[in-house]
A.B. asks: 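Pasting a structure here, questions to come.
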Amino acid sequence: MFTRMNDSPSDKGLRVFANRLRVRFAPSPTGFLHVGSARTFIFNWLYARHNGGTMILRLDDTDVERNTEASVQSIFEGLKWLNLGWDEEYKQSERLGLHREMANAIFEKGVAYRDFTPAHAEDSERSGAQGPWLFNPGMPELSRPESDRRAAAGEPFAMRFRVPRGDARPVSFVDAVYGEQSKSTADIEDFALLRSDGMPTYHLASCADDAGLSISHVIRGQDHLTNTFKHILILEAAGIAPPQFAHLPLLIAPDGSKLSKRRHGAVVSVTTYRDAGFLPEAFVNFLCLLGWSPKDNRERMNGKELVETFSLEGINRANAVVNFKEGATSPVNAQAEETFDPKAVWLNAEHIRALTVEDLSNRLTPIVREAGFNVTSEKMLQITPLVRERIKLLRDVLTVADFFFVDRLPAYDPAELIPQKGDADMALRALRRAHEVLAQTEFKHDPLDQALRAAAQELGLKAGQMFQPIRVAVCGRKNAPPLFETLEVLGRGTTLERVKQAVEKICTAV
RNA sequence: GGCGCUAUCGUCUAGGGGUUAGGACGGAAGAUUCUCAAUCUUCAAACCCGGGUUCGAUUCCCGGUAGCGCUACCA
């Protein structure tokens, strides 16, 4: 919890939220919503809800060069799909005054200095990771009078934090996940607070806003673990007590590299999961299981259970692999299930089966309609129980139940109509007899079952030998939902028509 | 290069000084229903390496190795 200390840069912007648990998710709008970011959002949200705290969304948009409105929209789109919500919303770019005040306060205190080195035109092959380590990436510090003179002359400068070096000391904090952390100031460079265009850097803006918004717990990716030492330094200089930190292990690709859209494709974007037919609750569940465990062997959990069970103690420290298939193409196609982490797909199927028929039906209907089929809600309600245990992703309904939606069956191989250990003649006999039986049997499960079994016996066929040709005739393929339920939904007219067509198909094929 | 973090089945993980190292996904085999799916049963599959501490380490400590992160006027 932030407690105000003396010396704070300003009272403006430092609203005091009395002793409440407040967390934030602070994405920078430079791309789509990444699965790793989504998980960070979820963990923050869970922590807030579990403890009755406040969830804040803050757009960290201080990098004017890279931010785009499209990205803002795409992040909202992803978050909206997650369907978790948040309580307060801010934009860093609207809080610049606060950031500058903090920078100036630190400068006036003598803990920061101006660096007039021109900004490097950043290039991709920034190999600064080699060579000797520089405590000051820019230029040596100028005397204050000269610094003032050049600043007054209008020369642009970046503002750097002067990290104690000759009198190096350890900077430490306790991370809720990684435990005690410590690093010597001798190993921390003079990082920038303000860019030469006057915009704050991430470090400064983040600290100022976390303080300003009274963030009590900063839960973020482990890539910020070492940055935290800088943040502690900033906070110290500004006279503000640091929040509680909890760093999350990172989500990585099967090859151990970090998730990147360029290298790994659409599987790293949240909306891809939405478009492929994942249930948001299943996706959230899946992400939770990456780097966190309820420790009681539970896998499928709904939102309520997650909120009840979630704790920072359950978070582990090793990076987690999102086990998708490398090099997969568009996930919204027939191979979708091969593309995603198998566990995500399985969990989705689990959640689908846990849905009520009405709920599932409501989620399936728009997908079917968008695919160009006219289907009434009533009919979807009938079809849903037949597909529920056969689909893993919502979109699978299009391939599993297609024959319910079309007027004419797509072409299929007449050989499919021939039953096990049978021939074309057997198929013909079965179908002709089926046509007669179906013409006069009530289209309900039990009567159909009895009549068709009796017919099979009459013809000296095994039940399967009777049913299979009918199944293929009405579904156009061998693998389909149970026959009698299917016929019931299809109705007599369609059924008889398709059986008749099957008979003709065999005749012309022979 | 420097600094930091991490290391249990292919993947996600539980566990922890003495265990047959547990579960899940995926894989294999079988049972079951009119096919498929679902369900059930069974099987294969792991403590990175080397020292130390200890009666005993996968577990604790140190070192190595590997991976990841930071080392930007990106976040």
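Protein chains get the first letters and strands the later ones, always in sequence-line order, with residue 1 at the start of each.
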A.B. asks: Using 30° and 60° as the class boundaries, would you call the ring planes of A/Phe245 and A/Phe173 parallel, tilted or perpendicular?
C.D. replies: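 If you compare the ring of A/Phe245 with that of A/Phe173, the planes turn out perpendicular.
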A.B. asks: Can you say whether a donor on the side chain of A/Asn319 sits under 3.5 Å from an acceptor on the base of B/G69, or the other way round?
C.D. replies: no
A.B. asks: Is any NZ, NE, NH1 or NH2 atom of the basic residue among A/Arg263 and A/Asp255 found under 4.0 Å from an Asp or Glu carboxylate oxygen of the other?
C.D. replies: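 Salt bridge between A/Arg263 and A/Asp255, a charged N being under 4.0 Å from a carboxylate O: yes.
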A.B. asks: Among B/U35, B/G69, B/C34, which nucleotide has an atom closest to any side-chain atom of A/Asn479?
C.D. replies: B/U35
A.B. asks: B/G30 and B/G67: how far apart are their C1' atoms, nearest whole angstrom?
C.D. replies: 40 Å
A.B. asks: What nucleotide, of B/C12, B/U35, B/A14, holds the atom closest to the side chain of A/Pro482?
C.D. replies: B/U35
A.B. asks: Could you check how far CE of A/Met301 sits from P of B/C12, rounded to whole Å?
C.D. replies: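 Spelled out: CE on A/Met301 to P on B/C12 is 17 Å.
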A.B. asks: Determine the contact category for A/Pro249: base if any of its heavy atoms lies under 4.0 Å from a base atom, sugar-phosphate if only primed atoms, P, OP1 or OP2 are that close, otherwise nothing.
C.D. replies: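 Nothing: the residue A/Pro249, judged by heavy atoms under 4.0 Å, touches no strand.
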A.B. asks: Can you check the distance between B/U65 and B/G51, where both ends of the measurement are the C1' atom (answer in whole Å)?
C.D. replies: 14 Å
A.B. asks: Ignoring hydrogens and angles, answer whether the base of B/A75 and the side-chain atoms of A/Asp223 contain a donor-acceptor pair closer than 3.5 Å.
C.D. replies: no
A.B. asks: Report the distance from atom CZ of A/Phe484 to atom P of B/U33, rounded to the nearest whole Å.
C.D. replies: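 The distance from CZ of A/Phe484 to P of B/U33 comes to 14 Å, rounded to the nearest Å.
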A.B. asks: Base, sugar-phosphate, or nothing: which does A/Asn316 touch, judged by heavy atoms less than 4.0 Å apart?
C.D. replies: sugar-phosphate
A.B. asks: Between B/C5, B/U71, B/A75, which nucleotide gets closest to the side-chain atoms of A/Lys230?
C.D. replies: B/U71
A.B. asks: Classify A/Lys462 by what it touches in the nucleic acid, base, sugar-phosphate, or nothing, heavy-atom distance under 4.0 Å.
C.D. replies: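 Since no nucleic acid heavy atom lies under 4.0 Å of A/Lys462, the category is nothing.
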A.B. asks: Find the distance A/Leu251:CG to B/U13:C1' and express it as a whole number of Å.
C.D. replies: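 Rounded to the whole Å, the gap is 14 Å.
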A.B. asks: Roughly how many Å is it from CG in A/Leu194 to P in B/A75, rounded to a whole number?
C.D. replies: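 Atom CG in A/Leu194 sits about 12 Å away from atom P in B/A75.
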A.B. asks: Applying a 4.0 Å non-hydrogen cut-off, can you work out what A/Thr226 is touching in the nucleic acid: base, sugar-phosphate, or nothing?
C.D. replies: base
A.B. asks: Which nucleotide, B/A75, B/G26, B/C3, lies nearest any side-chain atom of A/His224?
C.D. replies: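 The closest nucleotide is B/A75.
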A.B. asks: Please report, rounded to the nearest Å, how far the C1' atom of B/A72 is from the CZ atom of A/Arg66.
C.D. replies: 10 Å
A.B. asks: Tell me which nucleotide among B/A14, B/C3, B/C25 gets nearest to the side chain of A/Lys183.
C.D. replies: B/C3
A.B. asks: Looking at every strand, decide which applies to A/Gly291 at a 4.0 Å heavy-atom threshold: base, sugar-phosphate, or nothing.
C.D. replies: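 Sugar-phosphate: the residue A/Gly291, judged by heavy atoms under 4.0 Å, touches backbone atoms but no base.
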A.B. asks: Provide the Watson-Crick or G-U wobble partner of B/A31, both distances under 3.5 Å; none if there is no partner.
C.D. replies: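 By the stated definition (distances under 3.5 Å), B/U39 pairs with B/A31.
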A.B. asks: Which one, B/U11, B/U35, B/A7, comes nearest to the side chain of A/Asn323?
C.D. replies: B/U11
A.B. asks: Any N or O donor-acceptor pair linking the side chain of A/Lys343 to the base of B/A24 at under 3.5 Å?
C.D. replies: yes
A.B. asks: Who is the Watson-Crick or G-U wobble partner of B/U59, with both distances under 3.5 Å?
C.D. replies: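 Paired with no nucleotide.
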A.B. asks: Output the single nucleotide from B/C70, B/G26, B/G69 whose closest atom is nearest the side chain of A/Pro342.
C.D. replies: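 From the listed options, B/G26 comes nearest.
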A.B. asks: Scan A/Arg388 against the nucleic acid and name what it touches under 4.0 Å (heavy atoms): base, sugar-phosphate only, or nothing.
C.D. replies: nothing
A.B. asks: What nucleic acid atoms does A/Ser293 come within less than 4.0 Å of, heavy atoms only: base, sugar-phosphate, or nothing?
C.D. replies: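 Answer is sugar-phosphate: A/Ser293 comes under 4.0 Å of backbone atoms only.
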A.B. asks: What is the nucleic acid contact for A/Glu299, judged by heavy atoms within less than 4.0 Å: base, sugar-phosphate only, or nothing?
C.D. replies: base
A.B. asks: On a plain distance test, is the side chain of A/Arg317 in donor-acceptor contact with the base of B/C5 below 3.5 Å?
C.D. replies: no
A.B. asks: Mind checking the CD-CG spacing from A/Glu281 to A/Asn348? Nearest 0.5 Å is all I need.
C.D. replies: 8.0 Å
A.B. asks: Checking contacts here: which listed nucleotide (B/A14, B/A75, B/C5) is nearest the side-chain heavy atoms of A/His203?
C.D. replies: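 Comparing B/A14, B/A75, B/C5 against the side chain of A/His203, the answer is B/A75.
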A.B. asks: Indicate, with a heavy-atom threshold strictly under 4.0 Å, whether A/Thr62 touches base, sugar-phosphate, or nothing.
C.D. replies: sugar-phosphate
A.B. asks: How many whole angstroms separate atom CD of A/Glu313 from atom P of B/G15?
C.D. replies: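 Roughly 12 Å, once rounded to whole Å.
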A.B. asks: Please identify which of these residues, A/Gln468, A/Glu488, A/Arg471, meets the side chain to side chain contact (heavy atoms under 4.5 Å, CB included) condition with A/Leu483.
C.D. replies: A/Arg471
A.B. asks: Measure CD1/A/Ile315 against P/B/A14 and give the value in whole Å, please.
C.D. replies: 11 Å
A.B. asks: How is A/His247 classified with respect to the nucleic acid when contacts are heavy atoms under 4.0 Å: base, sugar-phosphate, or nothing?
C.D. replies: nothing
A.B. asks: Just to be sure I understand the rule, does A/Ala480 reach a base, reach only the sugar-phosphate, or reach nothing, if contact means heavy atoms closer than 4.0 Å?
C.D. replies: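 Since a base atom lies under 4.0 Å of A/Ala480, the category is base.
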A.B. asks: A/Arg165 and side chain to side chain donor-acceptor pair (under 3.5 Å): which partner among A/Asp190, A/Asp187, A/Thr185?
C.D. replies: A/Asp190
A.B. asks: For a quick check of understanding: with a heavy-atom distance under 4.0 Å over all strands, which category does A/Lys478 fall into, base, sugar-phosphate or nothing?
C.D. replies: base
A.B. asks: Within 45° of the ring axis of A/Phe157 and under 6.0 Å from its six-membered ring centre, is that where the NZ or CZ of A/Arg114 lies?
C.D. replies: yes
A.B. asks: Establish, with yes or no, whether the OP1 or OP2 oxygen of B/G15 is under 4.0 angstrom from a side-chain nitrogen or oxygen of A/Lys295.
C.D. replies: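 So the side-chain polar atoms of A/Lys295 do come within 4.0 Å of the phosphate oxygens OP1 or OP2 of B/G15, strictly under.
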A.B. asks: Both distances under 3.5 Å, Watson-Crick or G-U wobble: report the partner of B/U6, or none.
C.D. replies: B/A66
A.B. asks: Find the distance A/Phe161:CZ to B/A72:C1' and express it as a whole number of Å.
C.D. replies: 18 Å
A.B. asks: Could A/Arg477 and A/Tyr412 be counted as a cation-pi pair, given that NZ or CZ must be under 6.0 Å from the ring centre and within 45° of the axis?
C.D. replies: no
A.B. asks: Is the terminal nitrogen or CZ of A/Arg150 (NZ for Lys, CZ for Arg) located under 6.0 angstrom from the six-membered ring centre of A/Phe116 and within 45° of that ring's axis?
C.D. replies: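 Here A/Arg150 passes the 6.0 Å and 45° test against A/Phe116.
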A.B. asks: Any N or O donor-acceptor pair under 3.5 Å from the base of B/C34 to the side chain of A/Arg471?
C.D. replies: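 Present.
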A.B. asks: For a quick check of understanding: with a heavy-atom distance under 4.0 Å over all strands, which category does A/Gln181 fall into, base, sugar-phosphate or nothing?
C.D. replies: sugar-phosphate
A.B. asks: Give a yes or no on whether the ring-centroid distance for A/Phe278 and A/Phe286 is below 6.0 angstrom.
C.D. replies: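 No - the distance between ring centres of A/Phe278 and A/Phe286 does not fall below the 6.0 Å cut-off.
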A.B. asks: Tell me what A/Pro27 touches on the nucleic acid: a base, only sugar-phosphate, or nothing, going by heavy atoms under 4.0 Å.
C.D. replies: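 Here A/Pro27 touches no strand at all.
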A.B. asks: Quick check: on RNA chain B, is the nucleotide nearest A/Leu289 upstream (toward 5') of the one nearest A/Leu250, or the reverse? Name the residue that is more 5'.
C.D. replies: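 Whichever sits nearer the 5' end wins; that is A/Leu289.
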